[in-house]
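Data first, discussion second: the structure below is written as structure tokens.
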Amino acid sequence: MSVTELKNLDTIVSLAKARSFIYQSSEIYGGLGAVYDYGPLGTELKRNIRDFWWKAMTQYHDNIVGLDASIFMHPKVWEASGHVDGFNDPMIDDKQSNKRYRADMLVEGHIAKLRSKDKADEADELQELLDTAGSRKGLCEDLHELIMDNEIRAPESGAFEWTDVRQFNLMFKTQFGATSSGDDGDAVYLRPETAQGIFVNFKNVMDTARQKVPFGIAQVGKAFRNEVVARQFVFRMREFEQMEMQYFVEPGTDAEEYEKWLNKRLEWHKALGIREHKLRTHPHPEDKLAHYAASAADIEYEYPIGWQEVEGIHNRTDFDLTQHHEYSGKKLEYYDQKKQKRYTPYVIETSIGLDRAVMMVLCDAYREEEVDGDTRTVLKLNPKIAPTKVGIFPLIKKDKLQDLAHKIEHDLREDFNVLYDESGSIGKRYRRQDEAGTPFCITVDFDGVESEGEDTVTIRYRDDMTQDRVPVSRLREAINDKMNSWQPE
RNA sequence: GCGGGAGUAGCUCAGUGGUAGAGCAUCACGUUGCCAACGUGAAGGUCGCGGGUUCGAAUCUCGUCUCCCGCUCCA
């Protein structure tokens with residue numbers, strides 16, 4: 001049998017819509033860029049992946065506790081975290097080379113040039129204008145005027161074809177309170193990462209949750225980034241969901257814990273049902289580390305768009321707790337009774353994009369198979385995360401078969417997400433469920449209800465299309481057995 | 001953000017100035033005795049949106065939005 005894997009992202013985008021997994025946001029109004037809605041099957045799939053992660057974190061570790069922090073946070077949080085300063089730079093593009101520059105740096109470069117040419121007066125004058133930029137029409141407008149008036153050219157291309165000056169802060173800003181004037185003083189941000197909610201609650205959890213270092217805080221929630229380039233389906237979205245765990249450790253043990261969590265997280269992806277050869281870890285070189293990290297690695301999946309990050313593991317050191325200590329004035333330290341020692345814990349962060357995980361799961365499960373000269377599209381999802389677990393069909397529309405099928409549907413509903421279907425031929429119903437990733441289909445046939453003894457039915461398996469005949473009373477057990485022994489192909 | 005390409009039914013697409021189309025999917029009825037059968041029928045589109053040209057625009061034109069590819073950026 002020839003099997004084809006996913007070749008391009010369009011295939012998944014189409015299937016995701018056709019089978020009610022993922023739609024573009026506000027589609028009837030033309031769509032909203034890089035924002036997506038989850039449909040009926042997508043919601044189930046996403047929730048199952050979320051639960052799978054939550055269980056792996058909190059239920060399987062007695063030293064990891066949950067948290068659900070708000071999206072709105074005190075504006076100071078983002079000053080302390082470095083998000084306000086780090087991403088407020090005025091930028092300008094050279095239209096000829098399409099290179100982007102910091103507008104203020106261009107002007108400073110020009111000032112340096114003037115000085116080297118013994119034009120100190122001009123340099124001083126320009127420096128003063130630069131220092132007061134923002135006081136006339138606004139920062140962007142003033143900087144643009146300086147660049148235009150002084151005919152500052154692009155350093156590399158030498159061109160003088162500039163775009164407007166724009167500020168790229170990736171945080172969404174809104175106002176707080178009914179009497180807001182809209183000034184920056186009232187500004188609050190939609191959180192650009194969930195991690196800070198954990199750091200600012202570190203003291204609360206320490207004081208009330210009876211945890212000792214090392215311990216972790218896990219959280220799932222929405223985050224928002226006003227990406228300049230947001231593309232490639234749900235891979236890079238402006239509104240997305242993160243699943244994060246911050247693990248607080250004693251300084252000195254951080255390198256070891258970092259390695260441990262990197263391995264643990266890779267194992268989780270395998271347990272989720274992702275094929276091993278499609279996963280790899282990718283350590284960040286030291287010169288590319290973020291401002292807070294001592295070491296960092298991505299867990300990458302080979303999407304149709306190439307190897308891309310699904311999850312990041314970072315050693316954030318004591319950067320965040322120290323920053324919040326400094327900005328809030330509240331001590332964020334830990335006192336170890338046994339060792340009689342006080343310290344600011346180091347933090348190992350595991351941070352996975354839930355939407356990226358959904359996309360990974362869909363891509364990894366997708367197959368096109370040749371069956372008797374026909375093409376079968378199938379999602380070979382791990383049964384544990386499949387949106388629908390069991391399809392239940394009467395072979396044809398006859399009372400005797402329909403009645404038993406409905407009875408089984410009713411019985412299994414307590415344990416599994418089930419679906420009853422009697423429309424179309426039996427083969428068509430199987431294929432429909434193949435595309436939705438339903439791992440098991442139960443068919444009620446005449447052989448099963450007309451023979452002596454207990455009624456039997458067939459279970460048809462999605463992955464290899466084989467069937468077993470099973471007594472009705474053993475269905476639950478048979479499904480659970482198969483679900484637990486499932487392995488990716 | 002820049003350059004290029006594209007937007008017509010749920011999906012894939014045809015239609016280059018004159019009545020809005022096909023295949024698949026969906027729904028109904030009949031049929032169907034295990035892998036996308038068949039028959040009949042139905043539903044679904046102010047052709048992304050807004051201006052303009054024209055007797056007449058899906059088609060020409062301008063603007064705008066969205067998506068794709070490349071560049072750029074990326075906590």
Side-chain angles (χ1 to χ4, degrees), chain A residues 8-11 13-20 23-35 39 78 81-83 86-87 89 91-101 161-166 168-171 192-193 195-196 223 225-233 236 242 284 288-293 296 305 308-309 312 314 316 319-320 349 351 369 371-378 393-398 400-401 422-435 441-450 457-462 464-467 469:
Chain A
N8 63 67
L9 198 54
D10 290 348
T11 310
V13 177
S14 299
L15 179 78
K17 183 174 182 187
R19 291 285 138 184
S20 85
Y23 316 120
Q24 201 192 357
S25 165
S26 314
E27 206 182 87
I28 61 169
Y29 286 101
L32 186 63
V35 185
W78 307 113
S81 70
H83 285 82
F87 297 93
D89 304 328
M91 306 296 284
I92 190 165
D93 291 355
D94 170 19
K95 287 183 192 168
Q96 190 168 311
S97 65
N98 286 328
K99 293 260 184 228
R100 176 169 295 163
Y101 302 94
E161 295 174 43
W162 295 111
T163 61
D164 288 340
V165 175
R166 289 167 302 245
F168 290 98
N169 192 306
L170 262 55
M171 286 195 291
E193 63 175 29
Q196 299 303 324
R225 292 182 196 178
N226 199 1
E227 299 281 356
V228 179
V229 177
R231 274 202 284 244
Q232 290 163 328
F233 199 38
R236 179 165 287 125
Q242 291 186 307
H284 291 195
K288 292 224 165 177
L289 292 175
H291 59 276
Y292 53 72
I305 53 175
Q308 300 283 350
E309 174 188 0
H314 296 91
R316 293 183 77 125
F319 176 84
D320 301 277
E349 169 186 78
S351 175
E369 295 178 350
V371 181
D372 299 332
D374 196 29
T375 304
R376 174 175 91 122
T377 301
V378 54
F393 316 139
L395 184 59
I396 57 170
K397 292 178 200 167
K398 295 283 187 218
K400 206 194 292 185
L401 304 183
E422 59 176 29
S423 126
S425 73
I426 190 69
K428 185 165 190 158
R429 281 176 267 163
Y430 288 148
R431 298 299 175 84
R432 253 184 220 141
Q433 293 311 308
D434 286 343
E435 267 192 38
C441 288
I442 293 169
T443 300
V444 180
D445 62 0
F446 291 102
D447 292 348
V449 298
E450 287 176 341
V457 294
T458 61
I459 300 186
R460 179 261 195 190
Y461 306 110
R462 174 199 63 199
D464 58 9
M465 299 190 290
T466 60
Q467 289 179 296
R469 183 163 290 280

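Throughout, protein chains are lettered first and strands after them, A, B, ... in sequence-line order, and every chain is numbered starting at 1.
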- Message: Taking A43(B) as the reference, what is the distance to A22(B) when you measure between their P atoms (whole Å, please)?
- Response: 14 Å
- Note on the structure: As its Watson-Crick or G-U partner within any shown strand, both distances under 3.5 Å, A58(B) has none
- Item | Separation of the C1' atoms in C34(B) and A58(B), to the nearest angstrom | 46 Å
- With both distances kept under 3.5 Å, what pairs with G45(B), Watson-Crick or G-U wobble? none
- Task: Return the value, rounded to whole Å, for the distance between atom CD1 of Ile305(A) and atom P of C69(B).
- Result: 8 Å
- Task: Using the closest heavy atom to pick a nucleotide of RNA chain B for each, name whichever of Glu193(A) or Asp434(A) lands nearer the 5' end.
- Result: Asp434(A)
- Item | Donor-acceptor pair present, Arg376(A) side chain and C35(B) base, under 3.5 Å | no
- Measure from NZ on Lys398(A) to C1' on U32(B) and round the result to the nearest Å. 9 Å
- Going by an N to O cut-off under 4.0 Å, is there a salt bridge joining Arg316(A) and Glu193(A)? yes
- Task: Establish whether the base of C74(B) is bridged to the side chain of Arg236(A) by a donor-acceptor pair shorter than 3.5 Å.
- Result: yes
- Task: Could you check whether Tyr461(A) gets within reach of a base, just the sugar-phosphate, or nothing at all, counting any heavy atom under 4.0 Å?
- Result: nothing
- Task: Can you tell me, in whole Å, how much space there is between the C1' of G44(B) and that of G23(B)?
- Result: 15 Å
- Between U32(B) atom P and Glu422(A) atom CD, what is the distance in whole Å? 15 Å
- Item | Residue Phe446(A), side-chain atoms from C-beta onward, closest of C67(B), C35(B), G33(B) | G33(B)
- If you measure from the C1' atom in A20(B) to the same atom in C2(B), how many Å do you get, rounded? 37 Å
- Query: Counting side-chain heavy atoms from C-beta on, which of G33(B), C74(B), C34(B) comes nearest to Thr443(A)?
  - Reply: C34(B)
- If we call it a pair only when both distances are under 3.5 Å in a Watson-Crick or G-U wobble match, what pairs with U19(B)? none
- Query: To the side chain of Leu395(A), which of C34(B), C35(B), C67(B) is closest?
  - Reply: C34(B)
- Considering only the C1' atoms, how many Å lie between U26(B) and G45(B), rounded to the nearest integer? 16 Å
- Parallel under 30°, tilted from 30 to 60°, perpendicular over 60°: which one fits the rings of His83(A) and Trp78(A)? perpendicular
- Counterpart base for A14(B), defined by Watson-Crick or G-U wobble contacts under 3.5 Å: none
- Query: Across the strands shown, which category fits Ile396(A) at heavy-atom distances under 4.0 angstrom: base, sugar-phosphate, nothing?
  - Reply: base
Atom pairs, N/O to N/O, protein against nucleotides 24-30 of chain B, distance under 3.5 Å?
unit_1: U26(B); atom_1: OP1; unit_2: Arg432(A); atom_2: NE; d: 2.7
unit_1: U26(B); atom_1: OP1; unit_2: Arg432(A); atom_2: NH2; d: 3.2

- Under 4.0 angstrom, heavy atoms only, what part of the nucleic acid is Glu435(A) near: base, sugar-phosphate, or nothing? base
- Take atom CZ of Arg316(A) and atom C1' of A75(B), then tell me their distance rounded to the nearest Å. 8 Å
- Task: Please state the P separation for the pair G21(B) and A9(B) - nearest whole angstrom.
- Result: 14 Å
- Task: For A25(B), give its Watson-Crick or G-U wobble partner with both distances under 3.5 Å, or none.
- Result: none
- Which part of the nucleic acid, if any, lies within contact of Gln467(A), taking any heavy atom under 4.0 Å across all strands shown: a base, the sugar-phosphate backbone alone, or nothing? base
- For the residue pair Ile396(A) and Phe446(A), establish whether any side-chain heavy-atom pair is separated by less than 4.5 Å. yes
- Message: Which nucleotide, if any, forms a Watson-Crick or G-U wobble pair with G30(B), using both distances under 3.5 Å?
- Response: C38(B)
- Message: Is there, by distance only and without an angle test, a donor paired with an acceptor across the side chain of His83(A) and the base of A75(B) below 3.5 Å?
- Response: yes
- Query: Paired with C67(B): which nucleotide, if any, by Watson-Crick or G-U wobble criteria at under 3.5 Å for both distances?
  - Reply: G5(B)
Shorter than 3.5 Å, N or O on both sides, protein versus nucleotides 4-14 of chain B: list them out with atom names.
unit_1: G10(B); atom_1: O3'; unit_2: Lys17(A); atom_2: NZ; d: 3.2
unit_1: C11(B); atom_1: OP1; unit_2: Lys17(A); atom_2: NZ; d: 2.5
unit_1: C11(B); atom_1: O3'; unit_2: Ser14(A); atom_2: OG; d: 3.4
unit_1: U12(B); atom_1: OP1; unit_2: Ser14(A); atom_2: OG; d: 2.8

- Arg225(A) and Arg236(A), any side-chain heavy atoms less than 4.5 Å apart: no
- Shortest non-hydrogen contact from Met465(A) to Arg376(A)? CG-NH1, 3.4 Å
- Got a donor-acceptor contact below 3.5 angstrom from the Arg429(A) side chain to the Pro394(A) backbone? yes
